[in-house]
Structure formats: C-alpha cells, structure tokens
Protein chains: 2
Amino acid sequence: MGHTQPAAGDDQMILPMCAIFRRFLKRQGLKFTTERALILEAVLAKPGVFEADELLQEMRAADHRVSKATIYRTLKHLLEAKIISEVLIDSRQAHYRLSFGKEPIGHLVCVETNQIIEFPAAELTDLRDRLCKEHGFEPVSHRFVIYGISPEAQKAEQAEEEK
Amino acid sequence: MGHTQPAAGDDQMILPMCAIFRRFLKRQGLKFTTERALILEAVLAKPGVFEADELLQEMRAADHRVSKATIYRTLKHLLEAKIISEVLIDSRQAHYRLSFGKEPIGHLVCVETNQIIEFPAAELTDLRDRLCKEHGFEPVSHRFVIYGISPEAQKAEQAEEEK
DNA sequence: CTTGCTGCAAAAGTTTTGCACACGT
DNA sequence: ACGTGTGCAAAACTTTTGCAGCAAG
C-alpha cells in the first residue's frame, strides 16, 4: 500500500512547497524569512501528526534555533495557506498534519497507546458536501476521528487479565 | 424531525440519570455527593454542546456554589460513565455534550459565527466499525465535525463585499 | 528605508493538583 | 470511623502578546 499520489513529505517537495508558501505570503504582504523556511522544512519532514512543541524540540536538536512564538505564528500561516491542517485528537493540545496535495483522511486513535493510524476517507467528503447543502452551509473542511483499542493494546489487556 | 427516542435532557430524566450515575460511582467505590448531583442536573439541562466554564457560571447564577475543580473532576467521571461525551470543536478548550441514550451525531460548525448544528450520523457508526475491523481495532467512539460557512455568515460576507 | 519579523519574557486561558477540612457510606 | 470529596490557591501547560531590536523587500 503506497501513496496514491506524490507524497508531500518527500525531499523533492521542499522547493516547490517553499515556492507555494512564498507566493501565499507575498499575496498577504508578508515576508518569507529564514525562520519560516526552516519551520516549513521541519513540517515537511514529519510523516504524520505532530504538535507545536514537538517541532520546537526537533528543530533545537537540529540546531535550527527558532523561538516558540515564531513556530506558533508560522503554523497559523501554514494553516491559512492550507499547507497543513489541524487534526483534533484531544482538547489539550493542537495537532497538525501536512495536508497539501494529500487526499482527505480520517484518523484511528488508540485510546490506550495513543497510536495514530491514518486512513483514506474520500467518501466523507461526499457526506460532508451533502450535509452542508442540506443546511445551506458552504463546506470548508471536516474531521473524522475514530477512537478504539488497537490490537496490541487488546493483547496487553488480556495478558493483564490472566494474571 | 424531533427526537426519535426519549430526550435525555428532559426533566423526567433527572432521577433515572442520577440512579445511573450513582450506580456507576458505587461500582468504582466512589460517592454520590450533593455537588455531583447538582453538576449532573446542570448538565442534563444543557440542550447542546457546552464547556466547563459555562457550567460553572450557570451554576453560580443559580446559586449552586460548586468549585471549578469539582466541575472538572465530575466531568471526568461523567465521561467515564458514558453519560456525556467530548466533542472536539477546537483545541483550545474541551466541549462536551450529553450523550447517554442519544444517537451518535455529528456537528456542523460555522467558522465565522461558531454556530453549531447537530445532525444525526448513524451511518458513521457503520463506517467506524468497518474501519476498526479492518485494522483489528475495537471501536470505542468517534467524532465527525464539519466546518463550513453558515447561510447567515454568507449573507454577511456578501453585504461586506458590496460596500 | 519601510514594514513586517524575531526572540524574549510576561500574560492569558484552560485544566490539574496539593492540602486541610468536611461529608457520604 | 474510614476513605473519599470539596474548596481554595497555586501549579502546570499550551498558546498568545507587547516590545525592542533585526531583517526582508
């Protein structure tokens, strides 16, 4: 099961994506800075769901010093540019994922281990559009998250019971 | 239109619901206190989505003095008892809704006005179960939120453009 | 050179926790 | 009586903001 379209996280995507972001920023009268480029690069390197602080730690580790404030500010712009999107896993913290050029997906989250599996969910887009039409809404986006217990956690649970 | 089953928010639901909660607490070796009863009552009075602080303000207004800490602690128990469930609207704050005895639903949120519309989404349960089976997960729950622009906000936008 | 950007530290907002006392069972 | 629960205030955490100096266009 590979990707059905060019993976947006590939190294080859860095330059085109920079161009897209730069264009977006220019349109808003904003500037393309070193920090913003570094953050975008870090985001592109993330295969799945990530958090702001995670990005900060990784960038620090790579000796790319950027402040927390700038990360938060840049994530907002990336969100507006539709390069990333928010995934609402829990209400304690924002979770993001690279979404540009990717199909809409849903997330399957294990409530025990916090493991996150992505699954394609093109059919949800149809459902979304139908519901929006019914209520006179203009669709913007949608989120679908399933919570469950992963096979691994089920096994661990059984082992626990057998004690 | 209308509820297809006994509405869990009715006044008549207060006593049965207290009994359910009380039983749940007893099973966990916990106590059914005045505060917990008052909070459950306030929750039952909420027709839709609510927040912890909203509950606190309303209870204060009704002269039912309960601390913030107790509200948070009780909401956790109500969550565990499956009497309420979390609705992930945004990542800044937890949103809850009474779910006991209600059909699974989805939420349509206006990104401009924050208006929230609930819609029945029984079909999602099937999709959820199918996906869980595919990945060997045991389903626990799911969330489906659609973001869009409400008819009212669309009108306001147009009026803005015409200036 | 003009305007926006960064880092820092402080502020803001929600949720959690430690502790002394009070209350269900 | 015992073990939980409650309120309060402080702590913890994530996210936002004000400001002085810095950098991109």
Side-chain angles (χ1 to χ4, degrees), chain A residues 18-19 21-43 49-60 63-81 84-96 114, chain B residues 18-19 21-43 49-60 63-81 84-96 114:
Chain A
C18 276
F21 192 32
R22 172 175 255 146
R23 225 171 306 144
F24 167 83
L25 291 170
K26 177 170 272 177
R27 220 179 310 135
Q28 316 271 311
L30 304 176
K31 290 165 182 169
F32 185 76
T33 63
T34 319
E35 288 81 2
R36 287 178 179 167
L38 286 172
I39 292 168
L40 176 55
E41 197 180 320
V43 165
V49 171
F50 61 89
E51 301 153 25
D53 195 62
E54 203 178 322
L55 228 46
L56 180 64
Q57 303 310 329
E58 290 180 5
M59 295 188 67
R60 289 233 168 118
D63 221 56
H64 289 155
R65 310 206 133 267
V66 180
S67 73
K68 214 168 32 177
T70 297
I71 291 195
Y72 279 107
R73 292 189 272 232
T74 303
L75 286 174
K76 264 190 189 144
H77 291 131
L78 290 170
L79 229 28
E80 266 202 86
I84 62 173
S85 59
E86 266 187 302
V87 182
L88 298 175
I89 301 284
D90 66 63
S91 45
R92 310 181 44 100
Q93 208 175 358
H95 290 79
Y96 307 89
N114 294 320
Chain B
C18 276
F21 192 32
R22 172 174 256 146
R23 223 171 308 145
F24 167 83
L25 292 171
K26 176 170 272 175
R27 220 181 309 135
Q28 315 271 311
L30 304 176
K31 291 165 186 172
F32 185 75
T33 63
T34 319
E35 289 80 4
R36 287 178 181 168
L38 286 172
I39 292 168
L40 175 55
E41 197 181 321
V43 164
V49 171
F50 61 87
E51 302 153 23
D53 196 62
E54 202 178 323
L55 228 45
L56 180 65
Q57 302 311 328
E58 290 180 3
M59 295 188 66
R60 291 227 167 124
D63 221 54
H64 290 156
R65 308 205 134 269
V66 179
S67 74
K68 213 167 37 179
T70 297
I71 290 196
Y72 278 107
R73 291 189 272 231
T74 302
L75 285 174
K76 264 188 189 147
H77 290 131
L78 289 170
L79 231 27
E80 264 202 89
I84 61 173
S85 59
E86 267 189 302
V87 182
L88 297 175
I89 301 284
D90 65 62
S91 44
R92 311 181 43 102
Q93 205 174 1
H95 290 78
Y96 307 89
N114 293 319

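Lettering follows sequence order; numbering is per chain, from 1. This structure is a prediction, so every number in the text was calculated from the model and none was measured. What you see below is based on every heavy atom in this structure, not just the backbone, and it leaves out hydrogens, waters and symmetry mates.
- Rounded to whole Å, atom C1' of dG13(C) lies 16 Å from atom CD1 of Ile71(B).
- Residue His77(A) is the one, among Glu51(B) and His77(A), whose nearest nucleotide of DNA chain C lies closer to the 5' end (criterion: closest heavy atom).
- The CD atom of Gln28(A) sits 16 Å away from the C1' atom of dG25(D) (whole-angstrom rounding).
- Note: NZ (Lys68(A)) to P (dG7(C)) measures 12 Å, nearest angstrom.
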Next item on the list: Would you give a per-nucleotide map of nucleotides 18-25 of chain C, 5' to 3', where B means the base has a protein non-hydrogen atom under 4.0 Å away, S means only the sugar-phosphate does, and - means neither?
Entry: B-----BS

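- Side-chain atoms of Arg36(A) lie closest to dT6(C) of the nucleotides dT6(C), dT15(C), dT15(D).
- The line from CZ of Arg60(A) to CG of Asp53(A) is 8.5 Å long, rounded to the nearest 0.5 Å.
- The nearest whole Å value for the distance from the CG atom in Leu78(A) to the P atom in dC5(C) is 13 Å.
- Straight-line distance from the CD atom of Glu35(A) to the C1' atom of dC22(D): 10 Å, rounded to whole Å.
- Bending across the helix from dC1(C)-dG25(D) to dT25(C)-dA1(D), expressed as the angle between its end axes from five pairs apiece, amounts to 40° (10° rounding).
- To the nearest angstrom, C1' of dT6(D) lies 17 Å from NE2 of His64(B).
- Applying the side chain to side chain contact (heavy atoms under 4.5 Å, CB included) rule to Asn114(A) yields no partners; only residues at least two apart in sequence or on another chain are considered.
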Can you give each donor-acceptor pair under 3.5 Å made by side-chain atoms of residues 69-81 of chain A, sequence neighbours left out, with the distance rounded to 0.1 Å?
from, atom 1, to, atom 2, distance (Å)
Thr70(A), OG1, Ser67(A), OG, 3.1
Thr74(A), OG1, Thr70(A), O, 2.8
His77(A), ND1, Arg73(A), O, 3.3

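- As a whole-Å value, the separation of Leu25(B) CG from dG5(D) C1' is 11 Å.
- Between Tyr72(B) atom OH and dT14(C) atom P the separation is 7 Å, expressed in whole Å.
- Applying the side-chain hydrogen bond (donor to acceptor under 3.5 Å, both in side chains) test to residues at least two apart or on different chains, the pairs with a partner in residues 87-96 of chain B are Glu86(A)-Ser91(B), Glu51(B)-Gln93(B), Glu51(B)-His95(B).
- With rounding to the nearest 0.5 Å, the separation of CE in Met59(A) from NZ in Lys68(A) is 15.0 Å.
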Donor-acceptor pairs are to be reported for all side-chain atoms of residues 25-40 of chain B against protein atoms at under 3.5 Å, with residues two or more places apart or in another chain.
from, atom 1, to, atom 2, distance (Å)
Thr33(B), OG1, Arg36(B), N, 3.2
Arg36(B), NH1, Lys31(B), O, 2.8

